[in-house]
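Each chain gets a letter, A, B and so on, in the order its sequence line appears, and its residues count up from 1.
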Amino acid sequence: MQEEHFIVALVEDRPGVMQRIAGMLRRRNFNIDSISVGSTEIPGVSRITMTVHGDRQTLEQVMKQLNKLIEVVKVSELRQAESVVRELALIKVSVKNERARAEVVQYASIFRARIVDVAKQSMMIEITGDEEKLSAFIELMRTYGIVEIARTGKVIMARGARSVKVRETR
Amino acid sequence: MAEMKGADAVVQALEREGVEVIFGIPGGASIPFYDSLYSSSIRHILMRHEQGAAHAADGYARVLGRAGVCSATSGPGATNLTTGLANAYMDSSPVVAITGQVATPFIGKDAFQETDVIGITMPITKHNFQVRSVSEIPEVVRKAFHIAQTGRPGPVLIDLPKDMQEGTAEVEFPEEVSLMGYRPTYDGHPKQVREAARAILEAERPVILAGGGVIISGASEELRQLAELIPAPVVTTLMGKGSFPETHPLSLGVLGMHGRREANHAVTESDLLIAVGTRFSDRSTGMVSCFAPEAKVIHIDIDPAEIGKNVRAHIPVVGDAKRVLGQLLGVLGEMRRRERSRSWIEKVTLWKKEFAPELEYDDVPLKPHRVIKEIMEFLGEDDIVTTEVGQCQMWAHCYMQRSKPRTFISSGGLGTMGFGFPAAIGAKVAKPEVRVVDIAGDGSFLMNIQELATAVVNEIDVIVAVFDNRYLGMVRQWQELFYDRRYSAVDLGSSPDFVKVAEAFGAFGIRVERPGEIGDALKQAAEAGKPAVVDFVIERECNIFPMVPPGKCLKEVIG
C-alpha cells in the first residue's frame with residue numbers, strides 16, 4: 001500500500017554526508033517528498049527528517065540502505081499518529097490596498113501566524129504547523145497574490161517517552 | 001606522539017596495517033607519498049594503467065581475504081581507478097585505494113589534474129575519506145582498513161591532498177577506532193536460527209544456495225557439514241564458486257543464466273532454499289517471480305539491506321555466514337531429526353548424470369569445452385583461475401570444476417571486461433607458489449593487455465589462456481539468438497597477433513589450433529620462466545549453453 005512514511009536519521013555532521021544520502025536515494029530510485037536537516041542535542045550529530053511515499057518494502061529498503069552508510073548513526077521510522085509533525089513557512093504576500101492588508105492580518109491571527117515584515121506593497125508571514133494548516137493558509141493567501149514561499153520541510157518528534165537517540169558508544 | 005610528515009604518516013600507517021604490496025602509478029599529486037614509499041619495506045608494483053592497479057589489488061584481496069591496496073594520482077589517475085573500485089564494490093572485495101589530490105587551497109578551483117574523486121566514488125565505494133588535516137591521517141587509514149575488511153567487505157578510498165602529504169604534525173597511531181554508525185552484526189539472532197533449523201527439519205526438498213559470502217567469511221567447512229548433515233544438494237552462484245567442492249557428490253554446480261541444468265532444476269523444485277551469503281543477483285535468479293516458486297527461503301547474510309531486496313526471505317538471519325552456520329549446526333545437533341526420504345537426493349543425482357556436459361570434442365577449430373577440460377586437468381586444486389568477462393567467463397563458470405574457496409576469481413557483479421588479467425597479476429603476487437591462469441577472451445584481454453609489461457618486468461609469471469574467436473562473443477551470441485543474427489559491431493577482425501604481442505612485451509607466446517596440442521602448449525607456458533599467452537583459436541560462433549534467456553525462469557533453459 002502506498003502511503004507517506006516519516007524517517008528520522010541521525011547522521012555525523014561531516015562534509016559530504018548530505019551528498020551521500022541524496023546520491024543513494026537517487027541511485028536506488030527512491031522518491032523523497034520532503035527532507036530537512038538540522039542540528040541536535042549532541043555536537044557533531046545532525047538530524048534528518050524525510051518523508052517517503054511507498055509501500056512497506058520500499059520503506060524498509062530506504063531505511064536499510066540509509067543505515068548502510070557509514071556516517072548514518074541511527075535510522076527510525078516515526079508514525080504520524082504518535083508524533084508531532086511541524087513545518088515552518090515564510091510567505092510573502094502582496095497587499096495592494098488597506099483592505100487586503102487588514103484581511104491578511106486577520107487571517108494571520110486566526111491561523112496563529114506572525115507577521116514578521118511589513119512593506120508598502122507586501123507583508124511577510126511566518127507560519128508553523130502541520131501540512132493541512134500550512135496548505136489551508138497558503139490557499140487563502142493566493143487570493144491576494146503570493147510573491148514568494150519558503151518552506152523548511154517537515155520535522156517530526158515522537159510524543160511521550162520514546163526518543164530517537166544515538167546508542168552509547170563503546 | 002611523534003612529529004612527522006603526512007606522507008610518512010600514511011606509509012607508516014599502511015605498514016602498521018600489515019600492507020606488503022601496493023599496486024599503483026605515481027603522478028604529480030602523489031609524488032610526496034611515493035617519496036615516502038621509497039624508503040619503506042612495502043613493495044610497489046608499477047602498473048601500466050590505474051584500472052589494472054585496482055583490479056590487481058582486488059585479485060590480491062580475493063586470494064588472501066585481506067585488503068589489497070592500490071594507488072593513483074589525482075584527476076585522470078583517480079578516474080582510471082573507478083572501474084576497478086566499482087568492480088570491487090559489486091563483488092564485496094576489500095580494496096583500499098589511495099589517491100593524490102591537488103593541494104587544499106586549489107580544491108574547487110579546477111586546478112590541473114583536479115577532479116572530485118570523493119563525489120565520483122561515493123556510489124562505488126563502501127566509504128571514502130578526504131584527509132583534511134595531517135594529524136588525522138593515522139586515524140583515517142585505520143578506519144579505512146577497518147571498514148574495508150569487516151562486515152560486508154568493500155573498497156574504501158582515501159583522497160590525499162598534496163599539502164596533507166607534505167605538511168607535518170604531531171601524529172598518534174590508534175589501535176582501535178570507533179565508528180558511531182558502523183557496527184556489523186556477526187551472530188545470528190538465536191530465535192531466527194532456531195526457526196531456520198525447524199524449517200530445515202520439515203523440508204522434503206531442501207537446496208543450499210551458496211554465494212560469495214561463504215568464501216568471504218571462510219564458512220566452507222561449516223557449509224559442507226550442513227550439506228552432509230541435512231543432506232541437501234548445494235548449488236553456488238558465480239561468486240560462490242569454490243565455496244563447496246564441485247567434485248562433492250552433493251554438488252550440483254553453479255546456477256543462473258549460464259548455470260548447470262541440474263542446479264537450476266533443483267532450485268526450481270525445492271521446497272526450502274537455504275541461501276547463504278548471496279544477494280540474489282538477476283543473473284543467478286532469472287525472472288524473480290518464478291524463482292524457487294515452491295520454496296520457503298532462509299536468507300543468511302551479513303548485510304541487512306540484502307534481505308528482502310530482490311527475493312522475499314521467509315526466515316531472514318542477519319549475520320556472518322561462518323558464525324550463523326555454526327550456530328545452525330549446533331541447534332540442529334540438539335534437535336531430534338527424523339529420517340528423511342532419499343528420493344530427493346536420488347532425483348538430483350539422476351539429473352546430474354543426465355545433464356553431465358560433453359567436453360571431449362576433437363574439433364578444429366577448437367571447441368572451448370575441450371580447452372576448459374584440459375586447463376582443468378592442468379591445474380591443481382590450489383591453483384587459481386581468474387576470468388575475463390563474457391563467453392570465456394561463462395564457459396569456465398559452467399564447465400570448470402573448482403573445489404577450494406579463493407581459487408576462482410571472477411568479476412561477478414560489474415562484469416568488467418579487462419578484469420581477469422590484472423586480477424591474475426594480483427593473485428600471483430598474493431600466492432607466488434601456485435599457478436595462476438586467466439581465462440580470457442580476445443576482446444577482454446585487449447582491454448588491459450598493457451599489463452603484460454607489468455608482468456614481464458616484475459616477473460609475475462601468470463598464464464593468459466585466450467579463447468580467441470575474434471568476436472565480442474557474448475554480444476554476438478545474443479545478436480544471433482535474439483536479434484536475427486544482425487552482428488552489429490562485434491567482429492574484432494584479424495588484429496592483433498597475440499603471439500607476437502606477447503613476444504614484443506617479452507612474454508612467451510604460443511598459438512594452439514588442434515586439440516592434441518593443448519596440453520603441451522600449457523606445459524610450455526608453465527615452464528617458460530616468464531608470463532605466457534596461449535592463443536587458443538576456437539570455433540568463431542560457438543555459443544555458451546545451457547542458457548536461460550533474459551527475462552525467463554530458471555527452468556526455461558535453452559541449448
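For A:Leu69, the part lying under 4.5 angstrom from a heavy atom of chain B is the backbone only. Heavy atoms closer than 4.5 Å to chain B are found in the side chain of A:Arg27, but not in its backbone. Within the 4.5 angstrom heavy-atom criterion, only side-chain atoms of B:Asp303, from C-beta onward, approach chain A. With a threshold of 4.5 angstrom between heavy atoms, A:Val45 approaches chain B through side-chain atoms but not through N, CA, C or O. Residue B:Arg152 touches chain A through its side chain alone, counting heavy-atom pairs closer than 4.5 Å.
Distance check: B:Lys309 NZ to A:Arg28 CZ gives 5.5 Å after rounding to the nearest 0.5 Å.
Heavy-atom neighbours of chain A within the stretch residues 118-126 of chain B, taken at a separation under 4.5 angstrom, comprise B:Gly119, B:Met122, B:Pro123, B:Lys126. Contacts between residues 90-109 of chain B and chain A, defined by a heavy-atom separation under 4.5 Å, are made by no residue at all.
Taking A:Glu71, A:Gln19, A:Gln57 one by one and counting their heavy-atom pairs under 4.5 Å with chain B, the maximum is reached by A:Gln19. The candidate with the highest count of non-hydrogen atom pairs below 4.5 Å against chain B, out of A:Arg14, A:Glu12, A:Met63, is A:Glu12.
By the 6.0 Å contact criterion, OH on B:Tyr186 is enclosed, its count of non-hydrogen atoms from other residues, nucleotides or ligands being greater than 12. Surrounding NZ of A:Lys154 are more than 12 heavy atoms belonging to other residues, nucleotides or ligands, all under 6.0 Å away. At most 12 non-hydrogen atoms from other residues, nucleotides or ligands lie less than 6.0 angstrom from CE of A:Met157.
Each of A:Ile70, A:Val73, A:Val72 was evaluated against B:Tyr182; a single residue qualifies, A:Ile70, per the side chain to side chain contact (heavy atoms under 4.5 Å, CB included) test.
At least one donor-acceptor pair closer than 3.5 Å links the side chain of A:Gln61 to the backbone N or O of B:Ala305.
Taking the side chain as every heavy atom from C-beta outward, B:Glu306 and A:Lys64 never approach each other to under 4.5 Å. No side-chain heavy atom of B:Ile307 sits less than 4.5 Å from a side-chain heavy atom of A:Glu60.
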How far apart are the C-alpha atoms of A:Val11 and B:Met180, what are their side-chain angles, what is the distance that settles it, and do they pass the side-chain contact (heavy atoms from CB on, under 4.5 Å) test?
CA-CA 9 Å; A:Val11 305; B:Met180 256 197 290; over 6 Å; no
